[in-house]
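Please read the structure below before turning to the comments.
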Amino acid sequence: MKEPTAVDPALAREVQRQLAILMRGVVDCVAADDLARRLAAALAAGRPLRVKLGFDPTSSDLHVGHAVVLRKLRQFQDLGHHAIFIVGGATAMLGDPSGKDKTRPTLTREQVERNAQSYLEQAFKVVRREERYADGRAGEIEVRNNADWFLELRFADFIRLCSKMTVARMIERDNFTKRMKEGAPIGIHEFVYPLLQGQDSVEVKADVELGGTDQLFNLLVGRDLQADAGQPPQICMTMKVLPGLDGVQKMSKSLGNYVGLTFPPDEVFGKVMSVPDALIPLWVELLTDRFVAEQGEASLAAALASNPRETKAGVAESITAWLHGEQAAGEARMRFDRVFKEKDVSHDAPERVLPRAEVPEGKLWIVDLLCRLEFAASRSEARRLVQGNGVKLNGVVAADDKLEVDLREPVLLQAGKRRFAWVSVR
RNA sequence: GGGGAGAUACCCAAGCGGUCAAAGGGGACGGACUGUAAAUCCGUUGCCACUGGCUUCGCAGGUUCGAAUCCUGCUCUCCCCA
């Protein structure tokens, strides 16, 4: 179908401008030409698009992997569109099978509610509460909890919802196919999940839904359900999934390969520095606004080739900056250089004080000390750490696991490269 | 409903009466080399004491001088047939 009317050139330019911004980092956009059309229609009518993004509060932390789609949502807001943030209060109890080769544990209602609160606070580090639309009207982000409609759902309605999907379509999904091949179990409840997520789109009348590439199936179900309900089917935009610090697996809290949105500046900076080089272009694309233009990509490649370390530090600094501000980011970078480049830990080691009562003669066994500071999880581990030359006292390797550490003066204790503290007794 | 296979440490996986705290790989951690990158090499990888004890091989019992290994029951999973 062709555009039915002659298009205002200014409007067409604005649509192109918005599309250019919105398509960055996007893998699939179903149906892309429909997006252009809807943008034009919305702009012409001075009404914002309704853009939906949902998260299940399955743990209490969001990380920069979540931030990829949150940033996309923010871009929509910045362009004058309306964000709808769905807290998956009901769906979290189910567990999304997407991208999982295992059944997720189901959560209780209490756990979910506890998580949802901190989730929102963290999300607002990236998206904004206040919105301003193309026609100048002010508004604010719409936060909805799908527990509000699902926990009340009548059984008959639930069955009706289930009837809208077939088993054949369900098991087309590669992660289900894979699990079947491996003989791994698949719970019936996992089949229900995409239907619920799709129903959310019907409830909020979404124009666009965002998600990771692993979400495409769920997003598409939303289109079907909307069409079934007589709504125009939403545009589904999927973003590249951010690999975690290990460079292989998707970033996730349970794998421990993540950078949390609540991490302190030093930790954000440090974690980003430990990202494998090969991933840097992807991190730049998904998490920064640097090197946007096409020649920018060339200059990124050049920068990486000539000085990978400094380039990475720049990326680390800008990610730290949007979570903690420019100043904190600059300081984190400085401390990082001092600790890891100049290997001088003494300025930046935090102070750890032990109560005098626990250190009777001003001395403490080195193994106990490491456990006390939680530098080691058990005495055996502490002992191994010492025996493996992993512990330094005042900059000198301490390889004797029987050593009694004299704590009458403050001591600079280091375990491995990253754990260190000034230890004193008071 | 019938028949078959299986459950081993963070994960995969060997072991099928003693020499098993349990091979091998992955991961993780520490060390060397570095840029808290990659690659490589070395070491460690149940807990507590220190060359001894305790707990661990789905869960509960039993046989045995002795079990991850044999028997019984239970729980869970997968496959084939209906």
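Within every chain, numbering begins at 1; the chains are lettered A, B, ... in the order of the sequence lines, protein sequences first and strands thereafter. Note: hydrogens, waters and symmetry copies are ignored here, and every other heavy atom, side chains too, is used.
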From the candidates B:U45, B:C50, B:C78, the one with an atom nearest any side-chain atom of A:R384 is B:U45
Side chains of A:K240 and A:T213: do they bring a donor and an acceptor to under 3.5 Å? no
Taking a pair to mean Watson-Crick or G-U wobble geometry with both distances below 3.5 Å, B:U72 pairs with B:A60
Taking B:G35, B:A38, B:C50 as options, the one with an atom nearest any side-chain atom of A:P276 is B:A38
Q) Taking NZ, NE, NH1 and NH2 as the nitrogens, is one of them in A:R169 or A:E172 under 4.0 Å from a carboxylate oxygen of the other? A) no
request  = Mind checking A:R418 for me? I need base, sugar-phosphate or nothing, with any heavy atom below 4.0 Å counting as a touch.
outcome  = base
Classified by glycosidic angle (syn within 90° of 0, else anti), B:U51 comes out syn
Side-chain contact check for A:L385: nearest option of B:C29, B:G31, B:U44 is B:C29
TODO: Indicate yes or no: does A:R383 engage A:D401 in a salt bridge with an N to O separation below 4.0 Å.
DONE: yes
Using the P atom as the point on both nucleotides, what is the distance between B:C59 and B:C11, in whole Å? 14 Å
The Watson-Crick or G-U wobble partner of B:G1, with both key distances under 3.5 Å, is B:C81
| Are A:K402 and A:D400 ion-paired here, with the side-chain N under 4.0 Å from a carboxylate O? | no
Kindly indicate whether the side chain of A:D401 and the base of B:C50 share any N or O donor-acceptor pair separated by less than 3.5 Å? yes
Considering only heavy side-chain atoms of A:S380, the closest of B:C50, B:C48, B:G31 is B:C48
- Message: Please give the distance between the C1' atoms of B:C20 and B:G66 as a whole number of Å.
- Response: 13 Å
Worksheet item: Is A:R418 salt-bridged to A:E267, cutoff N-O under 4.0 Å?
Response: no
Q) A:D337 near the nucleic acid: base, sugar-phosphate alone, or nothing, with a heavy-atom cut-off under 4.0 Å? A) nothing
Expressed as a whole number of Å, how far does the C1' atom of B:G46 sit from that of B:C65?
27 Å
Practice task
Identify whether any heavy atom of A:R383 sits under 4.0 Å from a base atom; if not, whether one sits that close to sugar-phosphate; answer base, sugar-phosphate or nothing.
Solution key: base
Of B:U34, B:A37, B:G30, the nucleotide closest to the side chain of A:R419 is B:G30
Across every strand shown, the nucleotide meeting Watson-Crick or G-U wobble geometry with B:A38 (both distances under 3.5 Å) is none
query: Which is true for A:K312 with a 4.0 Å heavy-atom rule: it touches a base, it touches only sugar-phosphate, or it touches nothing?
result: base
Margin query: Base, sugar-phosphate or nothing for A:G270? Non-hydrogen atoms, less than 4.0 Å.
Written below: base
Pairing partner of B:A22, by Watson-Crick or G-U wobble and under 3.5 Å for both distances, is none
Report task. Provide the distance between the two P atoms, one in B:G27 and one in B:A39, to the nearest whole Å. Result -> 9 Å
